[in-house]
Amino acid sequence: MLARPQHSHWAAALASWTCPTAPNNTVGGPCDPCGQQVWGNWEHVSCRGKRVAYDKYEVPGDGTVTNIHITDYLIEGPIPLAELCPLTALREFDVDGGELTGPIPTGFAQCFPDLWELDLSYNNLTGTVPPEIAQLKSLEEFKVEHNHLTGTIPPELGSLQLNWLRFADNKFVGIIPKEYSNLTPELYQLTLDDNGVDGNPGFSGNLYPLSRMSMSNFNAANNPGLCGMVPVGLRWGHGFNYYNTRLGLPCPEELAGGWADLSESL
C-alpha cells in the first residue's frame, strides 16, 4: 500500500505491514491488519470500532482500520493521502514527527469523511491550509504546528466543532477570522505562537472573535501584530503567553478612534 522503497524511514516504520498476518490473530482471510486486539497486527494501525469502552485485551470492532498513527519515524516525501485513501473508515490520521514535504492535500474529506483527528505537525510542509479541510464535518482536532506553512488561516474552519487548533511555529499571517466566533464553546486549545519570527509578521489584529471562549490552553507569543484586550477566557488558559505582542494595548484602529497608547509609560 505504501511502497516507497527509496525512503528508508518509511521502510522502518512499516516493516510489520506484511501478509499473511499471524494465524492466531487473523480473522476473515490471510491478511488481517486488525486482528482482535486494540492495536492491530500491523504497527501504527488500530481498529477501535465504535466509541465505546474497551479493555487492553479486546476491542469492540468489525475489523475495520480506524486509526493510523505513524509518529516520530522521520517519514519522508509527500503526505501519503492517495496510498491511505482506501482506508475510508479512518477517524485518526496522525503522521507527526516526520520529514514530510510539500503541500497539504485537498482531498481528505473525500477519502476519510468521518475523520476526527488530523495531525500533520512537526514536519516540513509548505503552502497554505486548504479551505477544503472544513469539509471534514466530524473533525475535532486539527494540528499543523511546527511546519513551514504560509498565508492566512481559512475562515471556513469556523464552521466546524473543533476542540484543538494548533497553528504554532509556522509563517502564518493575518487576522483571526470573525467566523472563529462560531467555534464556541467547543474550542478549548488554540496555539498561535511563534509565527511572527525571522522577519515574518505573523498574526495581527485583535482576538475579539474568541471573546466568548473559555480555553484550557492558549498561546499567542511572538506575533507582534496582535493587539487589543485579551478575552478573559483566554487569559486564564494554561500556558497563556503574550510575549512579543501588543495584547493588552489598543490596536491601531482603536487609537484612531481616540484611545490613548500608554505603552511608552508602562
Side-chain angles (χ1 to χ4, degrees), residues 96-97 118-123 125 128-129 133 139-266:
D96 71 290
L118 178 55
D119 190 347
L120 308 174
S121 58
Y122 291 88
N123 280 287
L125 301 175
T128 60
V129 174
I133 295 297
L139 194 65
E140 298 177 2
E141 302 180 15
F142 182 54
K143 308 169 187 175
V144 292
E145 73 267 35
H146 293 271
N147 278 287
H148 306 292
L149 299 170
T150 55
T152 59
I153 55 177
E156 289 84 357
L157 296 181
S159 67
L160 302 177
Q161 302 299 305
L162 291 162
N163 299 142
W164 291 9
L165 264 177
R166 295 181 179 174
F167 296 123
D169 198 10
N170 280 284
K171 300 296 181 184
F172 290 120
V173 297
I175 64 171
I176 306 302
K178 64 181 187 301
E179 290 82 359
Y180 283 30
S181 63
N182 298 324
L183 294 169
T184 306
E186 284 78 12
L187 186 65
Y188 56 81
Q189 182 175 116
L190 175 64
T191 61
L192 308 173
D193 46 301
D194 295 331
N195 277 278
V197 297
D198 297 329
N200 191 62
F203 290 105
S204 59
N206 61 60
L207 300 178
Y208 301 158
L210 311 176
S211 60
R212 294 185 296 148
M213 297 182 181
S214 181
M215 292 194 188
S216 60
N217 187 285
F218 177 75
N219 194 335
N222 289 316
N223 288 284
L226 286 177
C227 55
M229 299 303 293
V230 180
V232 66
L234 309 184
R235 189 181 305 147
W236 299 109
H238 176 73
F240 172 67
N241 188 344
Y242 63 101
Y243 173 76
N244 194 25
T245 72
R246 287 180 54 84
L247 290 172
L249 298 170
C251 291
E253 63 273 18
E254 294 169 331
L255 289 171
W259 287 32
D261 186 353
L262 303 179
S263 59
E264 297 300 325
S265 62
L266 294 179

Report summary line: Here the gap from Tyr122 atom OH to His146 atom NE2, rounded to the nearest 0.5 Å, amounts to 3.0 Å
Report task. Scan for disulfide (SG to SG under 2.5 Å) pairs involving residues 139-218, sequence neighbours excluded, and state none if there are none. Result -> none
Report task. Could you walk me through whether Val144 and Arg166 pass the side-chain contact (heavy atoms from CB on, under 4.5 Å) test, one step at a time? Result -> CA-CA 6 Å; Val144 292; Arg166 295 181 179 174; over 6 Å; no
Query raised in the report: Which disulfide (SG to SG under 2.5 Å) pairs, counting each pair once, include a residue from residues 171-225, with sequence neighbours left out?
Result: none
Query raised in the report: Looking at residues at least two apart in the chain, or sitting in another chain, which of them share a side chain to side chain contact (heavy atoms under 4.5 Å, CB included) with Asn206?
Result: Tyr208, Pro209, Cys251, Glu253
Query raised in the report: How many angstroms lie between CG in Leu183 and CG in Leu190, if you round to the nearest 0.5 Å?
Result: 9.0 Å
Report task. Name all pairs fulfilling the side-chain hydrogen bond (donor to acceptor under 3.5 Å, both in side chains) condition that reach into residues 214-230, sequence neighbours left out, sorted by first residue then second. Result -> Asp194-Asn222, Asn222-Asn244
**Report entry** Validation row: Pro250, Cys227 side chains within 4.5 angstrom (heavy atoms)
**Finding:** no
Report task. Kindly write out the residues that satisfy ring pair (Phe, Tyr, Trp, His ring centres under 6.0 Å) with Phe240, not counting sequence neighbours, or none if the list is empty. Result -> Tyr242
Query raised in the report: Can you name the residues that form a side chain to side chain contact (heavy atoms under 4.5 Å, CB included) with Leu125, not counting sequence neighbours?
Result: Ile79, Leu100, Ile104, Leu120, Asn123, Asn147, Leu149
Query - Spacing of CD belonging to Glu186 relative to CE belonging to Met213, to within rounding of 0.5 Å - result: 9.0 Å
Query raised in the report: Tell me the disulfide (SG to SG under 2.5 Å) pairs involving residues 146-207, sequence neighbours left out?
Result: none
**Report entry** Sequence neighbours excluded - side-chain hydrogen bond (donor to acceptor under 3.5 Å, both in side chains) pairs with any residue from residues 173-183
**Finding:** none
Query raised in the report: Do Leu139 and Leu162 have side-chain heavy atoms sitting under 4.5 Å apart?
Result: yes
**Report entry** Any residue meeting side-chain hydrogen bond (donor to acceptor under 3.5 Å, both in side chains) with Ser121, in chain and number order, not counting sequence neighbours
**Finding:** Asp119
**Report entry** Spacing of Glu140 atom CD and Leu118 atom CG [to the nearest 0.5 Å]
**Finding:** 13.0 Å
Report summary line: The reported gap from CD in Gln189 to CG in Asn163 (rounded to nearest 0.5 angstrom) is 9.5 Å
Would you mind writing out the side-chain donor-acceptor pairs for residues 151-161 within the sub-3.5 Å range, not counting sequence neighbours?
from, atom 1, to, atom 2, distance (Å)
Ser159, OG, Glu156, O, 2.8

Query raised in the report: Under the ring-ring contact (aromatic ring centres under 6.0 Å, His included) rule, what pairs show up with a residue in residues 213-238, not counting sequence neighbours?
Result: none
**Report entry** Exam field: side chain Asn170 to backbone Ala168, donor-acceptor pair closer than 3.5 Å
**Finding:** yes
Requested in this report: Determine, for Glu145 against Lys143, whether the closest basic-nitrogen to carboxylate-oxygen distance falls under 4.0 angstrom.
Outcome: no
Report task. Would you confirm whether Thr191, through its side chain, and Asp193, through its main-chain N or O, come within 3.5 Å as a donor-acceptor pair? Result -> no
Side-chain donor-acceptor contacts of residues 198-205 below 3.5 Å, not counting sequence neighbours, with atom names and distances?
from, atom 1, to, atom 2, distance (Å)
Asn200, ND2, Lys171, O, 3.3
Asn200, ND2, Phe172, O, 3.1
Asn200, ND2, Asn195, O, 2.7

